[in-house]
Protein chains: 2
Amino acid sequence: MTILEKFSHLRVAYEQLRSLGSDPFTVRFDGVLSPTEGLREGRRTILFGTNNYLGLTFDPSCIEAGIEALMQSGTGTTGSRIANGSYDAHTRLEQALADFYGRRRGMVFTTGYQANLGIISTVVGKGDYLILDADSHASIYDGARLGTAQVIRFRHNDPEDLRKRLARLPQAGNKLIVVEGIYSMMGDTAPLREIAQVKAEAGAYLLVDEAHSLGVLGRQGRGLAEAAGVEADVDFIVGTFSKTLGSIGGFCVSDLPDFDVLRVACRPYMFTASLPPTLVASTLQALNRLQSDPGLRARLLSNSRRFHSGLDRLGFRLGADATPIVAVVLEDRDLAVAFWNRLLEAGLYVNLALPPATPDGSAILRSSVSAAHTVQQIDTAIGLFAAVGEELGVLSPRPLAAMA
Amino acid sequence: MTILEKFSHLRVAYEQLRSLGSDPFTVRFDGVLSPTEGLREGRRTILFGTNNYLGLTFDPSCIEAGIEALMQSGTGTTGSRIANGSYDAHTRLEQALADFYGRRRGMVFTTGYQANLGIISTVVGKGDYLILDADSHASIYDGARLGTAQVIRFRHNDPEDLRKRLARLPQAGNKLIVVEGIYSMMGDTAPLREIAQVKAEAGAYLLVDEAHSLGVLGRQGRGLAEAAGVEADVDFIVGTFSKTLGSIGGFCVSDLPDFDVLRVACRPYMFTASLPPTLVASTLQALNRLQSDPGLRARLLSNSRRFHSGLDRLGFRLGADATPIVAVVLEDRDLAVAFWNRLLEAGLYVNLALPPATPDGSAILRSSVSAAHTVQQIDTAIGLFAAVGEELGVLSPRPLAAMA
């Protein structure tokens with residue numbers, strides 16, 4: 001067997017998928033014109049499958065900050081944070097994040113993936129326990145695998161199951177519970193009040209990954225912990241710059257007094273080049289915009305409600321909560337593939353998620369709403385979902401007026 | 001024991017290190033003015049501890065390409081390569097890398113760390129063997145740990161030891177040998193001809209990480225495999241954009257027919273936001289500059305020789321080869337810390353590497369040379385090494401004329 005033959009089953013499945021239409025995992029945009037519009041094969045496509053929640057990737061002040069940093073400090077640092085790659089801007093961004101979250105310490109990573117990988121593989125070790133929501137993101141699972149703590153999974157969003165599993169663990173050893181603010185596929189939020197209570201009872205530590213909830217939930221946009229009023233119970237907030245903040249990179253903030261020791265202990269922080277100045281600058285400016293313009297978040301929420309209720313009224317089976325991530329759940333894989341292809345042909349891009357990457361073995365059309373979507377784009381998207389849903393027999397036909 | 005107390009020995013050691021002078025792992029530059037000059041605590045500091053081999057971070061055409069992409073496509077993609085994060089430029093960069101290396105396929109990752117992590121953890125699996133040079137970079141070791149193949153280490157740069165260890169393995173299972181073009185700490189190169197021969201005899205696969213050798217070695221700057229004339233024996237070339245190419249990101253190129261299946265199998269590729277357009281654009285332009293201006297590489301090599309022979313003549317114990325990475329090996333840790341601090345106070349920044357991060361338990365002052373260094377900067381650096389070396393008793397005093 002040659003070295004990549006172990007993936008032949010995957011290759012066959014993938015080829016079969018591609019035979020059904022466009023390849024959902026290599027969609028290429030020839031140009032992206034705005035947070036909500038791309039060019040694909042020569043035609044305009046409405047983007048409804050990004051994580052561009054506040055539409056900041058095209059914010060003039062973020063672009064301007066990025067350009068200024070490029071001109072002033074060059075294209076990159078060519079060094080890790082522990083060598084020559086710490087510029088004043090990196091520490092200013094760390095301070096800004098710590099201030100935003102009201103924490104003593106902040107650490108910036110080069111990707112959000114590496115933030116989860118690094119924090120989770122490092123803060124718990126031999127003799128410790130890592131207790132993960134079963135639907136955790138790949139970066140969390142990979143952090144668990146890279147580290148040496150014993151890994152226990154609890155049923156998705158089930159505080160009772162979490163409680164039971166914690167009760168079975170011995171007294172000795174630190175316990176770190178890891179949950180996400182908003183789960184990226186279904187758009188549901190963690191029951192964080194209950195989880196915080198279980199955590200406190202068990203004397204465990206709690207990490208919340210606010211990747212999809214930063215800039216989305218909470219009065220100040222800090223995420224689910226703020227919205228649930230349990231920030232004091234969270235020991236580590238992890239997040240990313242590649243969604244609401246429109247760049248790449250990740251962070252962790254914490255009040256733990258020894259937190260800074262991670263700078264010389266956490267390998268995915270230490271052994272990678274630091275973020276280029278242009279990304280640090282645009283991220284800092286995006287964090288400013290998030291704080292100075294609450295109207296962005298208000299628009300995001302109103303857009304999300306409009307899109308969610310539009311699809312809901314049509315009769316689609318949706319993910320639980322009305323967050324900017326709206327998952328249309330389809331039982332049948334081939335149906336989902338056909339639906340996704342028809343939407344793309346009609347000029348609407350959403351994400352297709354198939355088992356085994358999805359919870360429950362279901363096939364999902366994942367849409368995500370942006371503050372930058374116009375009401376017209378939202379209604380067009382709802383209309384296309386309605387038309388394709390009827391065409392493919394997912395919805396029973398109904399008068400178009402019902403969508404207004 | 002609280003959660004970070006497991007690092008208390010490290011914290012104590014780190015605090016002790018800091019009590020000896022500046023903190024070598026949080027040096028902060030208030031500004032970086034060029035590839036070779038930074039501002040630190042209000043004064044100009046010559047940068048001799050970067051990986052900016054061709055000095056391209058301030059290349060006007062690379063900056064211009066980055067600015068244009070920022071204005072045209074925004075600050076980021078807010079999506080992974082397998083969702084909305086593949087733009088035309090990402091695939092152009094992949095094609096440009098494949099063309100540069102004369103390979104059929106290329107894959108771009110968001111960091112070099114994730115390129116090694118992803119390729120190494122994925123291409124070999126259960127029942128396979130991963131045979132690593134003992135001095136491999138952290139990203140290679142982390143890839144080994146994340147994956148499921150059995151890991152075997154061979155003595156650094158010792159093809160005989162590699163041969164012996166391969167001979168002990170059963171026939172079944174794929175074997176992947178991983179080596180680096182230039183090792184980042186000591187600056188020595190792998191004996192790649194001999195390793196390629198051992199690989200062929202054993203029917204193994206070979207991965208070469210050209211992170212520090214891309215743009216440095218080989219007639220066309222492709223790295224050690226080109227320089228050693230064994231490119232046909234290398235199955236996977238991995239590299240980074242954060243050194244010679246002046247940005248961040250990583251890549252893998254290969255001729256394996258099934259290579260593209262990794263796009264739906266390799267988690268550190270799939271589950272991370274793609275590179276922002278500005279970084280893709282400046283990287284592409286840096287790759288153009290590398291190919292169109294061989295004078296850059298000639299200058300780098302002449303600068304490297306000048307610096308290496310200058311320190312050699314002074315009597316320092318140096319890493320084996322005359323590559324742009326020049327390691328001054330000091331037996332004593334405190335001496336190395338003092339030396340590093342004295343250089344920094346005098347306006348010269350180099351990297352300090354201490355055990356256990358170094359081979360052989362030695363303490364290293366790691367310098368790296370850039371094509372952008374002026375002869376004057378190189379001679380100043382040599383002069384400062386001489387002065388501090390004499391002051392601290394590492395060198396016996398000699399007339400300054402010997403340095404000319």
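Bear in mind the structure is a predicted one, so any value in this text is a computation, not a measurement.
Taking each heavy atom of B:Phe25 and A:Val264 in turn, the nearest pair found is CD1-CG1, 4.0 Å. Considering every non-hydrogen atom in both B:Ala265 and A:Phe7, the closest pair reads CB-CE2, 3.8 Å. Here the closest non-hydrogen pair linking A:Thr78 and B:Asn51 is O-ND2, 2.8 Å. The minimum heavy-atom distance between A:Pro276 and B:Leu279, with the atom names listed, is CG-CD2, 3.8 Å. Taking each heavy atom of B:Val124 and A:Lys6 in turn, the nearest pair found is CA-NZ, 4.0 Å. The shortest heavy-atom contact between A:Ile67 and B:Leu70 is N-CD1, 3.7 Å.
Of the two parts of B:Gln114, the backbone and the side chain both hold a non-hydrogen atom closer than 4.5 Å to a non-hydrogen atom of chain A. Residue contact with chain A, scored on non-hydrogen atoms closer than 4.5 Å, is absent for B:Thr283. Of the two parts of B:Ile63, the backbone and the side chain both hold a non-hydrogen atom closer than 4.5 Å to a non-hydrogen atom of chain A.
B:Tyr113 places none of its side-chain heavy atoms less than 4.5 Å from the side chain of A:Thr111.
With chain B as the partner, the residue from A:Leu146, A:Thr272, A:Val261 showing the most heavy-atom pairs under 4.5 Å is A:Leu146. Of all the listed residues (A:Asp142, A:Thr278, A:Leu10), the one sharing the greatest number of non-hydrogen pairs under 4.5 Å with chain B is A:Asp142.
For A:Asp258 (side chain) and B:Glu5 (main-chain N/O), no donor-acceptor pair under 3.5 Å exists by modelled atom type.
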